[in-house]
Amino acid sequence: MLRGKHIVIGVTGGIAAYKAVYLLRHLQEEGAEVRVTMTPAATRFVGVETFAALTRHEVPIRIFPDPTDSISDNWTRHIQWAEWADMIVVAPCTANSLAKIVHGLSDSMLMATILAARCPVLVCPTMDGEMYQAPATRANLQQAKELGFHLMEPESGYLASGLHGPGRLPEPEVITGQIRSLLESAEQHAEKSPEASPKLLQGKRILVTCGATREFLDPVRFLSNPSTGKMGMAMADAAASFGAEVTLLHADSVDTSRLPGSIELIPFTTSDDLFNHVRSRADADVIIMTAAVSDFRPVQRHKQKVKKESAKLELPLEQTPDILQWLGDRRSGRPGEQVLVGFAMETEDLAGRAREKRIRKGVDWMVGNDLSDDNSGFAVDTNSVLLIGPHSENRFKGTKVDVARGVLQHIFVS
Ligand code: C5P
């Protein structure tokens, strides 16, 4: 049920706009409080009065208030609506509106509200003929997904033009079902969300490392591993959302574009680079070594590309500096001043090996990464870890972001 939920329906200018009337009734029957905003083009399909009468609320179209309007705070109406909404549903969403959403345009009340929103936004693209398959639309849909918008696939069938194909708005009860499940998962997420304790790490300087080092044999060849840095980015993101001042040392192959701007980003390539950066920031309050540091490197780094003909078919290796061990040794005898967290990726005897590493490297917490679990490890968005501390062992499973929050909360609350 949607009792008490605040839902904004954004209606854009497509023939399916009439179905938004049924959607509105459906949501109201489930107990939701609904407001509607329309794009100017949508008013060519359904009258403003229809939605105004059914919602018993104004139906704004433009950001600017009506000149006859005496309420001065209407200038920030899009912000108020965005704060009010538990969910925004754009149904139907035309190709034009999709493009605007993806590119952050704010030329109408709907677009500005979406831009200001922190709640989930469900976009229901509907379009005729080949518009849904057009490369530009496909690219916009992909980008919408990457930006965190929720998309509902259109249904296939008879279109207004007389053509058959994908482009029809799903039935109101189907959209309502999707809204219900998105709101449920948003609520579950909120329970574990950083907003629950945004000050947990306030005032702490946290250094996080992530991604794979590259150990070069020559200018074009290196030893590395498949780490994508996702877990380390999730740790940095979670720490920042708990109020910490975060520096992320990331492999230069890691895509950090989605991290909040408050995180200081410093790239590294080799384990030596990483070691130098860590050394100069070793006085951080907390250091989280999520980086997948290569344990070995070629003894010799050739200046020129090694020729196939002259190469020996053996590669002498030497150990890289163990940075975490160095950090553990450095603060030995002074525990309590700094929190050190290491990661251990294991394919067998996870608990035993991670326990042993925690002691040997002299760190407070070891996060054991279970590589035997399919939903865990390199390149995936989920993880399953065993957090080993001085007095406790706990499992965390879920998205890497949830795992990161769980781990930090456990370390700093317990
Ligand atoms: O010994 P192992 O490589 O399994 O230890 C993993 C932990 O140690 C990780 O936290 C990793 O970032 C860190 N490490 C390091 N320097 C190395 C190898 C690993 O700091 N040369």
Side-chain angles (χ1 to χ4, degrees), residues 206-216 222-236 238-239 246-254 266-284 286-299 301 317-332 338-372 376-379 383 385-390 396 400 403-404 407-408 411:
I206 300 196
L207 184 68
V208 184
T209 68
C210 79
T213 57
R214 290 180 173 183
E215 311 300 336
F216 284 84
F222 53 81
L223 277 183
S224 192
N225 63 71
S227 170
T228 51
K230 285 187 176 182
M231 191 61 220
M233 282 196 285
M235 295 299 291
V246 182
T247 299
L248 178 66
L249 303 178
H250 65 90
D252 41 21
S253 55
V254 169
I266 299 172
F268 64 82
T269 307
T270 64
S271 54
D272 259 353
D273 284 348
L274 177 60
F275 195 13
N276 287 335
H277 288 307
V278 170
R279 252 197 293 239
S280 63
R281 289 167 183 77
D283 62 347
V286 182
I287 301 185
I288 303 175
M289 283 292 298
T290 324
V293 187
S294 175
D295 291 322
F296 317 101
R297 66 181 164 212
V299 171
R301 181 175 178 165
L317 299 174
E318 63 185 9
Q319 283 195 356
T320 55
D322 190 323
I323 303 167
L324 191 56
Q325 183 79 59
W326 179 84
L327 286 166
D329 293 345
R330 177 184 170 273
R331 60 139 216 196
S332 70
Q338 183 181 55
V339 178
L340 286 181
V341 184
F343 275 70
M345 277 219 157
E346 304 296 343
T347 51
E348 54 186 351
D349 187 20
L350 173 72
R353 286 174 186 251
R355 271 181 218 131
E356 182 274 321
K357 266 182 202 172
R358 189 185 81 79
I359 305 288
R360 174 162 49 87
K361 300 204 182 203
V363 304
D364 305 291
W365 301 88
M366 196 46 103
V367 185
N369 233 308
D370 195 350
L371 284 188
S372 61
S376 170
F378 293 126
N383 213 354
V385 305
L386 179 66
L387 176 65
I388 299 183
F396 295 87
K400 285 184 173 169
V403 168
V407 165
L408 288 181
I411 294 177

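Throughout, residue positions are numbered sequentially from 1 according to the sequence presented. Remember, it's 1-based here, ligands and their atoms both numbered in the order they're listed.
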protein heavy-atom neighbour closest to atom 6 (C) of ligand 1 works out as Phe343 O, 2.9 Å
Which is it for Gln325 and ligand 1 at heavy atoms under 4.0 Å: side chain, backbone, both or neither?
neither
How far is atom 16 (N) of ligand 1 from its nearest protein heavy atom, and which residue and atom name does that atom have?
Ile323 N, 3.0 Å
Evaluate the side-chain proximity of Ile288 to Phe343: yes if any heavy-atom separation is below 4.5 Å, no if none is.
yes
Quick one: does ligand 1 sit under 4.0 Å from the side chain of Leu327, the backbone, both or neither, non-hydrogen atoms only?
neither
Please state which part of Lys357 comes within less than 4.0 Å of ligand 1, counting heavy atoms only: side chain, backbone, both or neither.
side chain
Between Met233 and Thr228, which heavy-atom pair has the shortest distance, and what is it?
CE-O, 4.3 Å
Taking side chain as C-beta onward, heavy atoms only, is Glu318 less than 4.5 Å from Arg297?
yes
Answer yes or no: is there a side-chain heavy-atom contact under 4.5 Å between Thr270 and Thr213?
no
Could you check atom 12 (O) of ligand 1 against the protein and tell me its nearest heavy-atom contact, residue, atom and distance included?
Ala291 O, 2.7 Å
Counting heavy atoms under 4.0 Å, the part of Pro321 that contacts ligand 1 is backbone
With the threshold set at 4.0 Å, does a side-chain nitrogen-carboxylate oxygen contact exist between Lys357 and Asp322?
no
Arg214 to Phe216 six-membered ring, cation-pi geometry met (6.0 Å, 45°):
no
I'd like the name of whichever of Leu324, Thr320, Val293 reaches closest to atom 20 (O) of ligand 1 through any heavy atom.
Leu324
min-distance protein heavy atom vs atom 5 (O) of ligand 1 -> Lys361 NZ, 3.0 Å
Under 4.0 Å from a heavy atom of Gly342: give me the atoms of ligand 1 that qualify, with their elements.
10 (O)
For atom 3 (O) of ligand 1, what is the nearest protein heavy atom, given as residue, atom name and distance?
Asp295 OD1, 3.3 Å
Closer than 4.0 angstrom, basic N to acidic O: yes or no for Glu348 and Arg353?
yes
Is the shortest side-chain heavy-atom distance between Val367 and Met231 below 4.5 Å?
no
Top protein contact for atom 10 (O) of ligand 1, by heavy-atom distance
Met289 O, 2.6 Å
